[in-house]
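Since we're looking at a predicted model, the values are computed, not measured.
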Amino acid sequence: MQLSRLLSSITIENLRGPRDREIKALTADSRQAGEGAMFVAVRGVNVDGHKFITSLPDDVAAVVCEQWPEHEVEGVTYIKVANSAVALGCLCSEWWGNPSRKLFLVGVTGTNGKTTTATLLYEMARLMGEKAGLLSTVVNYVDTETVEAHQTTPDPYTINALLARMVDKGCTFAAMEVSSHAADQHRISGLYFRGGIFTNLTRDHLDYHKTVETYLKAKKSFFDDLPRDAFALTNIDDPVGEVMVQNTKAHRHTYSLRDMADFQGRILESRIDGTLISFNGHEVETRFTGRFNAYNLTAVFGASILVGWELNEVLRCMSLLVPVAGRFQAFHAPQGYTAIVDYAHTPDAVVNVLTAIRDVIGAGGHIITVVGAGGNRDKGKRPIMAHEAARMSDRLILTSDNPRFENPNDILADMQAGLQGDEKNKTLVNADRREAIRMACALAKKGDVILIAGKGHEDYQEICGVKHHFDDREEVQEAFGLQV
């Protein structure tokens, strides 16, 4: 691609060197910067790309940076910008032919519900007869092709590469999760969103954002940057729902389970295997359980109408949607109890799932919760999560999640510190997650419900930097005595 074309996508503060040249590759990884490449020096969380400019091969074509290097190589074009991360997103979009402008791209952000909402929008598009794509925590889809997901929101090059593949496959619609990290690090810079959805905001990722306020600002920046012809759909039952869209240029719309809103969901009947919900007065039998899922479904209903799909078809397809893997996924034991595997890994998410179970559990049934907390992440939420899980369960088993580089017993000690009074008496501790799940199944009686929280769809445990195969869904079925 010609350098001049790439430069047209970014705001340049200064430039040294020729503009008339061909760029053979685009990268933010100095190790991949070879002959004819454009290297973008990004200031990352742990590494500053500017440190590698002087070690680049002499035959790179161009360097994008925020400050001039100490030594410049003759023949290399140096481009100075205000923010290299923003420039990288725009350059990647241009490199791949601006695929987001050829799709109806909808982004979903919030603490909980992003994966479910984005995935169900992808499924809705397919039920509507459209070819569609998905970028999510669980998996990416290019039409029907599965592409493994490594991050909630990938880097700009990967995002645009996947969106370009969607366009090539004939997709017209795409849904993607937008994480707070991605917004803060400008990974979505250069993308053209036709819609944005806000689910909710609770404590999470404070190991990165430090305060809830900066976490909120990262989420809000997504809506601040939406174009005028986009829609911004927000949950007004959340305390910051209206704050999220107060500065957006997009068309604002609201959804709610409690108040007057553009899109109203009302729970009419709840069961362990489904919920009867009214969407703007139209009753639909769904295969989802819990108030938190009713919010997700109402967001999907609202977004579907805003995308332009026909109301009666939307209502018909709402009844056909099925839960996402690892999100309130139910397994029924031959012994008469039920196990729910869910990704809930924040205090609010644990409360939401336990509330859903409590609302539908039969008379005399007990709730047994198995939960841990991830290592090298926000330590402040550990005691809160343990307290909420103990408060809302009849028995609690604290165990490992992904300890990463932390000692599992240290994580468990942090969680135990949140237990109060009688909560300690109903709590067992077992750092071996497999044994903890088996312990819960041994305690369960007919009519009981076991919640196995924290990992959901994940099929591994990360210990000391190594991922070992471990799948809660497999483990619980083996504990039942079933063949997996």
Taking distance alone, no hydrogens or angles, what donor-acceptor pairs closer than 3.5 Å link side-chain atoms of residues 59-67 to residues at least two apart or in another chain?
from	atom 1	to	atom 2	distance (Å)
E66	OE1	R43	NE	2.9
E66	OE2	S84	N	2.9
Q67	OE1	R43	NH2	2.9

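- Within a 6.0 Å sphere centred on CG of D259, heavy atoms belonging to other residues, nucleotides or ligands number more than 12.
- Remark: side-chain polar atoms of N235 are paired, donor with acceptor, to backbone N or O of T199 under 3.5 angstrom.
- Take T115 and apply the side-chain contact (heavy atoms from CB on, under 4.5 Å) test, not counting sequence neighbours, and it matches T119, T137, V138, E177, V324, R327.
- Residues that satisfy the salt bridge (charged side-chain N to carboxylate O under 4.0 Å, His left out) test with E148, not counting sequence neighbours, are absent from this structure.
- For K169, the salt bridge (charged side-chain N to carboxylate O under 4.0 Å, His left out) test picks out E145, with sequence neighbours left out.
- Atom CZ of R16 has more than 12 neighbouring heavy atoms from other residues, nucleotides or ligands inside a 6.0 Å radius.
- Closest approach of F405 and C464 over heavy atoms only: CE2-C, 3.5 Å.
- Remark: the Y295 side chain and the S256 side chain contain no N/O donor-acceptor pair separated by less than 3.5 Å.
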Inset, instruction - Begin from the C-alpha positions of Y122 and Y141 and carry the test ring-ring contact (aromatic ring centres under 6.0 Å, His included) through to its verdict. - result: CA-CA 9 Å; Y122 161 78; Y141 283 114; 5.0 Å; yes
Inset, instruction - Check step by step if salt bridge (charged side-chain N to carboxylate O under 4.0 Å, His left out) holds for R382 and E406. - result: CA-CA 13 Å; R382 294 173 184 175; E406 277 195 76; 2.6 Å; yes
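- For D432, there are no salt bridge (charged side-chain N to carboxylate O under 4.0 Å, His left out) partners two or more places apart in sequence or in a different chain.
- R434 is linked by a salt bridge (charged side-chain N to carboxylate O under 4.0 Å, His left out) to E475, counting only residues two or more places apart in sequence or in another chain.
- Annotation: H469, atom NE2; neighbour count of heavy atoms from other residues, nucleotides and ligands within 6.0 Å is above 12.
- Between the side chain of D237 and the main chain of L257, a donor-acceptor pair closer than 3.5 Å is present.
- When all heavy atoms of N402 and K455 are compared, the closest pair comes out as OD1-NZ, 3.0 Å.
- The CG atom of L88 sits 10.0 Å away from the CZ atom of F39 when rounded to the nearest 0.5 Å.
- Although no hydrogens or angles enter the test, the distance criterion places a donor-acceptor pair under 3.5 Å between the side chain of K102 and the main chain of G97.
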Inset, instruction - Would you sort out whether N112 and F292 count as a side-chain contact (heavy atoms from CB on, under 4.5 Å), showing the intermediate values? - result: CA-CA 9 Å; N112 303 310; F292 67 99; over 6 Å; no
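- Put simply, the residue from I452, D459, D342 that forms a side chain to side chain contact (heavy atoms under 4.5 Å, CB included) with D472 is I452.
- Taking CD of E474 as the reference point, atom CD1 of I437 lies at 10.5 Å (rounded to 0.5 Å).
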Legend entry - Step-by-step side-chain contact (heavy atoms from CB on, under 4.5 Å) determination, F222 to L226: CA-CA 7 Å; F222 167 61; L226 286 176; 4.1 Å; yes
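- For the atom pair CD1 of I236 and OG1 of T254, the computed distance is 4.5 Å after rounding to the nearest 0.5 Å.
- Annotation: E22, atom CD; neighbour count of heavy atoms from other residues, nucleotides and ligands within 6.0 Å is above 12.
- K80 pairs by the side chain to side chain donor-acceptor pair (under 3.5 Å) definition with E13, not counting sequence neighbours.
- When all heavy atoms are compared, the tightest approach of W96 to A164 is CE3-CB, 3.8 Å.
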Legend entry - Verdict with supporting geometry, W309 and F301, ring-ring contact (aromatic ring centres under 6.0 Å, His included): CA-CA 10 Å; W309 294 323; F301 169 74; over 10 Å; no
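- Without hydrogens or angle criteria, S189 side chain to V86 main chain gives a donor-acceptor distance under 3.5 Å.
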Inset, instruction - Using the side-chain contact (heavy atoms from CB on, under 4.5 Å) rule, take E242 and R252 through it: C-alpha gap first, then chi angles, then the decisive distance, then the call. - result: CA-CA 9 Å; E242 294 191 274; R252 302 181 205 176; over 6 Å; no
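- The minimum heavy-atom distance between S179 and R187, with the atom names listed, is OG-NH1, 4.4 Å.
- In this structure, OG1 on T117 lies 8.0 Å from CG on L297, to the nearest 0.5 angstrom.
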Inset, instruction - Step by step, work out the side-chain hydrogen bond (donor to acceptor under 3.5 Å, both in side chains) result for R21 and T77. - result: CA-CA 9 Å; R21 66 190 316 164; T77 304; 3.1 Å; yes
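- Of all heavy-atom pairs between A85 and V42, the closest is CB-CG1, 4.0 Å.
- The structure places CG of D348 at 11.5 Å from CE of M385, a figure rounded to the nearest 0.5 Å.
- Rounding to the nearest 0.5 Å places CG of L6 at 6.0 Å from CG of L91.
- Contact detail for P69 and I53: the closest heavy-atom pair is CB-CG2, 3.8 Å.
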Inset, instruction - Could you walk me through whether T248 and K220 pass side-chain contact (heavy atoms from CB on, under 4.5 Å), step by step? - result: CA-CA 9 Å; T248 189; K220 183 176 177 295; over 6 Å; no
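- Within a 6.0 Å radius of CG in D20, other residues, nucleotides and ligands contribute 12 heavy atoms or fewer.
- In this structure H457 satisfies the ring pair (Phe, Tyr, Trp, His ring centres under 6.0 Å) test together with Y343, sequence neighbours excluded.
- For K467, the side-chain contact (heavy atoms from CB on, under 4.5 Å) partners two or more places apart in sequence, or in a different chain, are Y460, E462.
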Inset, instruction - Apply the test side-chain hydrogen bond (donor to acceptor under 3.5 Å, both in side chains) to residues N160 and S93: give CA-CA distance (whole Å), side-chain angles for both, the deciding distance (0.1 Å), then the verdict. - result: CA-CA 6 Å; N160 282 280; S93 287; 3.1 Å; yes
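- Looking at residues two or more places apart in sequence or on another chain, you find a side chain to side chain donor-acceptor pair (under 3.5 Å) between H387 and E423.
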Legend entry - Residues T355, N352; criterion side-chain hydrogen bond (donor to acceptor under 3.5 Å, both in side chains); working and verdict: CA-CA 5 Å; T355 299; N352 287 339; 5.6 Å; no
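- There is a side-chain donor-acceptor pair under 3.5 Å between Y192 and D229.
- Shown here is K249, whose NZ atom has more than 12 heavy atoms of other residues, nucleotides or ligands within 6.0 Å.
- Listed by chain and number, the residues in a side-chain contact (heavy atoms from CB on, under 4.5 Å) with T172 are E130 (sequence neighbours excluded).
- Among pairs with a residue in residues 29-38, those fulfilling side-chain hydrogen bond (donor to acceptor under 3.5 Å, both in side chains) read D29-R31, at least two apart in sequence or across chains.
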